[in-house]
There are 2 protein chains.
Amino acid sequence: MEIELAKSYGFCFGVKRAIKKAEQIKDAATIGPLIHNNEEITRLWKNYNVKTLENIDELKDEKKAIIRTHGITKQDLDDLRKKDIEIFDATCPFVTKPQKICEQMSNEGYEVVIFGDENHPEVKGVRSYVSTKAYVILDEKELLDIKLPSKIAVVSQTTKKVEKFMEIVNFLMLKVKEVRVFNTICDATFKNQEAINELAKKSDVMVIVGGKNSANTKQLFLIAKNYCQDSYLIENEKEIQKEWFKGKEKCGISAGASTPDWVINLVLEKIKEYA
Amino acid sequence: MEIELAKSYGFCFGVKRAIKKAEQIKDAATIGPLIHNNEEITRLWKNYNVKTLENIDELKDEKKAIIRTHGITKQDLDDLRKKDIEIFDATCPFVTKPQKICEQMSNEGYEVVIFGDENHPEVKGVRSYVSTKAYVILDEKELLDIKLPSKIAVVSQTTKKVEKFMEIVNFLMLKVKEVRVFNTICDATFKNQEAINELAKKSDVMVIVGGKNSANTKQLFLIAKNYCQDSYLIENEKEIQKEWFKGKEKCGISAGASTPDWVINLVLEKIKEYA
């Protein structure tokens, strides 16, 4: 069985940057997981004493707080600033961007459509910067019965599929006189998605490595599944099953933007055993 | 043979308004045809002494000038203001809008994509309000090899098809970080297009009445042709041929936004003779 890695996969700029920061800062707490990958979070905790708290209220005598790659809400940031703690910002710059856009658009009087999952921490953070009205949607149909203003701004969660974002914009163009479109889908997401698209088409089994709480990893999995029925989403090599590769000719591998290389390598070694 | 008129057709708000103005003002000159319909232009000339000049240089001792529904360029307007002539503005408000948007976007530093025919007087007028850089295109492919700025504004000629406008916006979303979309396609155009879409699907012959220099009429003709092979574009009843209706069961009729009712009625009477 031939094994091929996607042309673009794994760690993105924002994740690399955050991990480097965490390793340098050490002995710190993050509010929510720094990145959506349990393997790496455990490594940072064991090797660098960077622990993950559920929320700000769990902070006790910590001296250093790191803001996760997905960002936090404006309110949480304000609360954090009131505490006697040093703050390090590891928010991915691609996430800071829609936050700033939401703030600016609100100042200019625009209401904002956010294409994203309302329960995702990135979206919660971005939404908190809208001081007018925010519409968080995953599908344009959610806006069907809503009376929209005559001008509106649109941003996207950084890890969403651009095709769906286009559908939302197309829908808005018919309803609203001015649509201010900010394509905030990050390049890494876009490249990883394009690469898995290509690879899945020519593979008969696909393995996607990444956190099951990672939006961009799940997105990669869905794209793979679309072209290759036998696609699997795993967090680590222990989940791999020998039967997946029986009679298969080509195995494609990709990984989410928060999946470290050392996890991908362990997966790769395991699959080679079954090739 | 059954005859059915489209649910929405003919004179739009801007055209009605301009004709009413011309009839009231009388003894005036327009720079370029007031509307794109020769029959009506002739009527206004014969009954109200409103004559059509090719350009501003043709003005001699006229005391009143009427600005055509499609608008004129900023330069022509400036030149006109320097002359000893009373100016009446019959520019359709739906056309004034993209002009104003182009001016405002230029002031805010945006370059502007104009979806439209660069030779159409409306587009020439709208373009003249861009003081940064304007890209006048009919297809997104025209932008393929162009290095675009990171933010751009988009407007449309009022009579274009919204589906193509969407394709252009979708293309820009992938190339540019901020796309400021102004859907300036006018409601009348949109409604006439929707109605002919519906009617052409259930007709086996279609007759579209309107000026052959009228962009919105040509657009209606193209939509009809798409669903009904035997579609005909005529300016008046004299062009109708008996053979078009032989063995046909349903004739659909529509008319451009600049086609007066009296012309449509003459056409209708003629077709009834052949039904």
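Just so you know, these numbers use all the heavy atoms, side chains as well, and skip hydrogens, waters and symmetry mates. Chain A is the first sequence line, chain B the second, and so forth, proteins listed ahead of strands; every chain is numbered from 1.
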Honestly, the part of B:Ile185 sitting under 4.5 Å from a heavy atom of chain A is backbone
Enumerate the inter-chain donor-acceptor pairs under 3.5 Å for chain B and chain A, one line per pair.
unit_1: B:Tyr110; atom_1: OH; unit_2: A:Arg180; atom_2: NH2; d: 2.9
unit_1: B:Met173; atom_1: O; unit_2: A:Asn183; atom_2: ND2; d: 2.6
unit_1: B:Lys177; atom_1: O; unit_2: A:Asn183; atom_2: N; d: 3.1
unit_1: B:Glu178; atom_1: OE2; unit_2: A:Arg180; atom_2: NE; d: 2.7
unit_1: B:Glu178; atom_1: OE2; unit_2: A:Arg180; atom_2: NH2; d: 3.4
unit_1: B:Val179; atom_1: N; unit_2: A:Val181; atom_2: O; d: 2.8
unit_1: B:Val179; atom_1: O; unit_2: A:Val181; atom_2: N; d: 2.7
unit_1: B:Arg180; atom_1: NE; unit_2: A:Glu178; atom_2: OE2; d: 2.7
unit_1: B:Arg180; atom_1: NH2; unit_2: A:Tyr110; atom_2: OH; d: 2.9
unit_1: B:Arg180; atom_1: NH2; unit_2: A:Glu178; atom_2: OE2; d: 3.4
unit_1: B:Val181; atom_1: N; unit_2: A:Val179; atom_2: O; d: 2.7
unit_1: B:Val181; atom_1: O; unit_2: A:Val179; atom_2: N; d: 2.8
unit_1: B:Asn183; atom_1: N; unit_2: A:Lys177; atom_2: O; d: 3.1
unit_1: B:Asn183; atom_1: ND2; unit_2: A:Met173; atom_2: O; d: 2.6

Applying a strict 4.5 Å limit to non-hydrogen atoms, the region of B:Phe190 in contact with chain A is side chain
Looking only at B:Leu172, B:Leu174, B:Val162, B:Ile101, the option with the highest number of non-hydrogen pairs under 4.5 Å against chain A is B:Leu174
The interface call for B:Val179 against chain A, heavy-atom contacts under 4.5 Å, is both
